[in-house]
Amino acid sequence: MDRRLFMKEGAVGLLALAIGTSSCAAAKHLGIDTENGADWKKPKFAGKYDVVVCGGGPAGFMAAVAAARNGAKTAIIERYGFLGGMATTGYVAPISEFAFKGERVIGGLPWEFVKRLEELGGAKIEMPKGNVDFDIELYKLVAQRMVLEAGVDLYMHSSLVGCQMADKTIEKVFIQNKSGIEELEAGVFIDATGDADLAELCKVPMISDLKGDLQPLSFCFVLSGVDTESELLQRYMYHDGKHGHSECKPVRNRLLELKAAGEDIPTFGGPWFNHVMHAGSVAVNITRSAANSTDNRNFTDVEMRLREDIYKFTDLLKRNFPEFKDCYVSSTAPQAGVRESRRIKGVHIVTAEDYINAIKYDDSVSRGAHVIDIHSSKGDNQTVIELKQAAYIPYRALITEEYPNLLVAGRCVSSDRTANASLRVQASCMGLGQAAGAAAAQSITEKCSVQKVNTDKLVETLRKWGAFV
Ligand SMILES: Cc1cc2nc3c(=O)[nH]c(=O)nc-3n(C[C@H](O)[C@H](O)[C@H](O)COP(=O)(O)OP(=O)(O)OC[C@H]3O[C@@H](n4cnc5c(N)ncnc54)[C@H](O)[C@@H]3O)c2cc1C
């Protein structure tokens with residue numbers, strides 16, 4: 001059989017760079033027909049920056065704002081057409097947690113973001129935990145405004161697909177979008193992809209091998225036509241913690257009863273009904289399945305199945321709870337939510353012991369106030385460990401021993417599974433992004449590697465901005 005492989009414009013040129021040969025040779029190497037098939041081009045130069053941030057989630061967009069405000073010429077790369085990461089692509093809510101027992105532990109740019117959201121009517125701050133309910137669309141708008149006002153260049157609808165290294169230094173990254181394959185040069189790169197995609201491309205050692213047990217995916221959605229004034233929703237759609245956990249026990253118990261009685265009920269978590277700032281609507285976190293989000297086929301299969309589950313659960317809610325009798329799925333998240341994937345092995349690994357004992361480091365740059373929350377990948381349960389004090393995360397968890405211009409921020413920082421099950425929440429990730437951005441800019445002005453950044457000065461900058469570190 002005559003088999004030809006056609007590739008996207010530019011992809012062969014990129015391959016040539018990667019294997020250090022001419023594009024024609026690279027094409028031949030793969031058996032690609034460059035005469036009759038797609039043409040190839042060299043990646044196009046897109047820009048040269050002090051700092052390039054990969055990923056526009058809570059960690060990434062904060063990192064970009066922080067780097068730019070600290071004087072760096074900054075760009076951000078995001079594969080969707082809007083910012084916010086899991087908050088806006090996964091509908092995970094609320095933004096957890098800015099406070100511990102009423103005392104705020106995350107401050108600075110993340111808090112400025114929340115206050116701006118609140119001013120637009122897009123946030124409700126729930127003390128004493130400092131959980132923040134939010135309007136998904138206004139989240140996107142305020143994030144975009146902060147990034148643009150800081151003078152950051154945006155490369156949206158762009159996926160990070162490669163990088164060029166000189167020894168352990170990253171010289172440029174390659175992105176793919178409708179303009180083809182483009183390259184961005186920078187002095188410092190921040191990996192805020194959640195999945196540590198850039199670090200993986202650079203072959204940074206990882207803590208998680210993705211082969212063992214991973215926390216499950218949950219595909220969240222918005223239900224409208226819900227009686228949000230009912231006693232049930234008024235009790236469970238807020239997250240101040242004044243009356244215990246926000247997991248909706250009455251619905252959970254009824255679903256478990258129905259399951260025990262033989263009804264076909266998929267594996268589920270919670271459920272959690274989250275306030276989205278609009279009467280009659282709630283964001284629902286109930287579906288779950290084990291999956292590896294970095295394996296495209298596995299992720300796709302599971303996401304398709306969970307979309308079916310969304311409708312099964314909607315039907316169950318309509319049939320069994322009067323508060324949901326008129327409800328309908330008004331929107332599904334752009335993708336299933338990912339709780340756990342790669343984590344880098346950094347200079348310091350934040351362990352459960354460090355975290356639970358709230359060890360304070362000289363280079364503490366973010367905090368953690370959320371319970372340690374490990375969702376079962378196979379069952380309907382989760383393990384919860386309450387914190388006695390708010391935890392600290394050191395700068396050394398954002399850097400590796402060997403890579404002089406790579407910082408990592410957000411969910412993929414160097415942490416063991418248990419510590420990560422708390423620090424992965426958005427407020428902590430925003431704090432990590434703020435620190436990574438400030439440090440990246442400082443590495444440029446101090447003309448030093450990220451390992452040599454003066455952490456006393458970094459902490460001073462973060463405190464000046466309002467961080468509680
Ligand atoms: C079901 C579920 C419920 C949760 N509940 C809560 C909660 O109640 N409260 C809370 O605060 N947190 C919650 N979390 C956790 C939290 O939302 C995430 O851990 C947090 O958003 C991580 O932030 P991040 O910036 O590190 O990564 P992400 O939010 O994942 O952002 C990464 C960004 O990088 C982009 N990206 C990834 N790869 C590439 C690439 N190759 N090229 C270009 N762009 C790329 C993504 O599109 C995304 O915008 C929940 C998570 C899940 C899955």
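In this structure a side-chain-to-backbone donor-acceptor pair under 3.5 Å is present from N405 to I170. Under the 3.5 Å distance criterion, the side-chain polar atoms of E126 are matched with a main-chain donor or acceptor of H239. The main-chain N or O of F468 is never found under 3.5 Å from a side-chain atom of R104 such that the two would form a donor-acceptor pair. Put simply, the side chain of N420 gets close to the backbone of R411: a donor and an acceptor are under 3.5 Å apart. When atom types are taken as modelled, the side chain of K378 and the backbone of A290 share no donor-acceptor pair closer than 3.5 angstrom. The main-chain N or O of N454 is found under 3.5 Å from a side-chain atom of Q442 such that the two form a donor-acceptor pair. Judged by distance alone, with hydrogens and angles left aside, the side-chain atoms of R343 form no donor-acceptor pair with the main-chain N or O of I207 at under 3.5 Å. Listed for the D191 side chain is a donor-acceptor partner under 3.5 Å among the backbone atoms of A199. Using modelled atom types, no side-chain atom of D363 and backbone atom of T455 make a donor-acceptor pair closer than 3.5 Å. Judged purely by atom type and a 3.5 angstrom limit, D133 has no side-chain atom pairing as donor or acceptor with the backbone of P94.
Rounding to the nearest 0.5 angstrom, the gap separating the CG atom in L148 from the CG atom in D153 is 9.5 Å. Here K388 contributes atom NZ and I356 contributes atom CD1; the two are 8.0 Å apart, rounded to the nearest 0.5 Å. Expressed to the nearest 0.5 Å, how far CZ of R367 lies from CZ of F98 amounts to 13.5 Å. Here K312 contributes atom NZ and D315 contributes atom CG; the two are 10.5 Å apart, rounded to the nearest 0.5 Å. Within the model, atoms CG of D373 and OG of S422 stand 8.5 Å from one another, a figure rounded to the nearest 0.5 Å. Interatomic distance, N292 CG to L210 CG, rounded to the nearest 0.5 Å: 5.0 Å.
When all heavy atoms are compared, the tightest approach of T88 to L83 is OG1-O, 2.8 Å. For the residue pair T74 and Y49, the shortest heavy atom distance occurs at C-CD2, 3.8 Å. Between D380 and K259, the closest heavy-atom pair is OD2-NZ, 3.2 Å. Residues R339 and P216 share a closest heavy-atom pair of NH1-O, 2.9 Å. Residue M146 comes nearest to L109 through the heavy atom pair CE-O, 3.9 Å, listed as atom of the first residue, atom of the second, then distance. Annotation for G85 and P58: closest pair CA-CD, 4.1 Å, computed over non-hydrogen atoms.
Screening V450, V413, V453 for a side chain to side chain contact (heavy atoms under 4.5 Å, CB included) involving L407 leaves a single residue, V450. The side chain to side chain contact (heavy atoms under 4.5 Å, CB included) with L387 is formed by just one residue from the set N357, V371, I372; it is I372.
A salt bridge is defined here as a Lys NZ or Arg NE, NH1 or NH2 lying under 4.0 Å from an Asp or Glu carboxylate O, and R342 with D197 meets this definition. A salt bridge links E118 and K115; the closest N-O separation between the charged side-chain nitrogens and carboxylate oxygens is under 4.0 Å. E308 and R305 are not joined by a salt bridge, as no carboxylate oxygen comes within less than 4.0 angstrom of a charged side-chain nitrogen.
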Practice problem: In sequence, state the C-alpha distance, the side-chain angles, and the governing distance for L120 and R145, and then conclude on side chain to side chain contact (heavy atoms under 4.5 Å, CB included). | Solution: CA-CA 12 Å; L120 292 183; R145 283 184 180 167; 3.8 Å; yes
Quiz item: Given F324 and T314, is the side chain to side chain contact (heavy atoms under 4.5 Å, CB included) satisfied, shown in steps?
Solution: CA-CA 8 Å; F324 291 92; T314 303; over 6 Å; no
Quiz item: Between L398 and I190, does a side chain to side chain contact (heavy atoms under 4.5 Å, CB included) hold up when you go through it step by step?
Solution: CA-CA 9 Å; L398 283 59; I190 300 176; over 6 Å; no
Exercise. May I have the step-by-step check of salt bridge (charged side-chain N to carboxylate O under 4.0 Å, His left out) for E460 and K457, ending in yes or no?
Key: CA-CA 5 Å; E460 197 185 303; K457 189 169 168 214; over 6 Å; no
Exercise. Might you work through the side chain to side chain contact (heavy atoms under 4.5 Å, CB included) test for R252 and F268, ending with a clear yes or no?
Key: CA-CA 9 Å; R252 178 180 178 78; F268 69 95; 3.8 Å; yes
Practice problem: Take E340 and R417 through the salt bridge (charged side-chain N to carboxylate O under 4.0 Å, His left out) test and state the conclusion after the steps. | Solution: CA-CA 9 Å; E340 184 177 6; R417 199 167 181 238; 2.9 Å; yes
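Contact check for F61 versus Q144: no side-chain heavy atoms found under the 4.5 Å cut-off. The shortest side-chain heavy-atom distance between C412 and M206 does not fall under the 4.5 Å cut-off. Looking at E200 and I344, their side chains never come closer than 4.5 Å, going by heavy atoms from C-beta outward. Proximity of P128 to K101: side-chain heavy atoms (C-beta onward) are nowhere separated by under 4.5 Å. Here the side chains of F313 and I265 are in contact, with some heavy-atom distance below 4.5 Å. Considering only heavy atoms from C-beta on, M86 comes within 4.5 Å of Q335 through its side chain. Looking only at side-chain heavy atoms (C-beta outward), Y236 and P250 come within less than 4.5 Å of each other. A heavy-atom distance below 4.5 Å is found between the side chains of I125 and W111.
Atom CG of N296 has more than 12 heavy atoms from other residues, nucleotides or ligands within 6.0 Å. The local environment of CD in E257 is crowded, with over 12 non-hydrogen atoms from other residues, nucleotides or ligands closer than 6.0 Å. Atom CD of E103 has 12 or fewer neighbouring heavy atoms from other residues, nucleotides or ligands inside a 6.0 Å radius. Residue Q234 places its CD atom among more than 12 non-hydrogen atoms of other residues, nucleotides or ligands, all under 6.0 Å distant. Residue K345 qualifies as open at atom NZ: its count of foreign heavy atoms under 6.0 Å is 12 or below.
Legend: residues meeting side chain to side chain donor-acceptor pair (under 3.5 Å) with E112, ordered by chain and number and at least two apart, are R69. Scanning for side chain to side chain donor-acceptor pair (under 3.5 Å) contacts around S377 gives D213, with sequence neighbours left out. For S158, the side chain to side chain donor-acceptor pair (under 3.5 Å) criterion is met by N177, not counting sequence neighbours.
In this structure, a donor-acceptor pair under 3.5 Å is present between the side chains of Y91 and S331. Side-chain contact annotation: D354 with H348, donor-acceptor N/O pair under 3.5 Å present.
A ring-centre distance under 6.0 Å is found for F113 and Y139.
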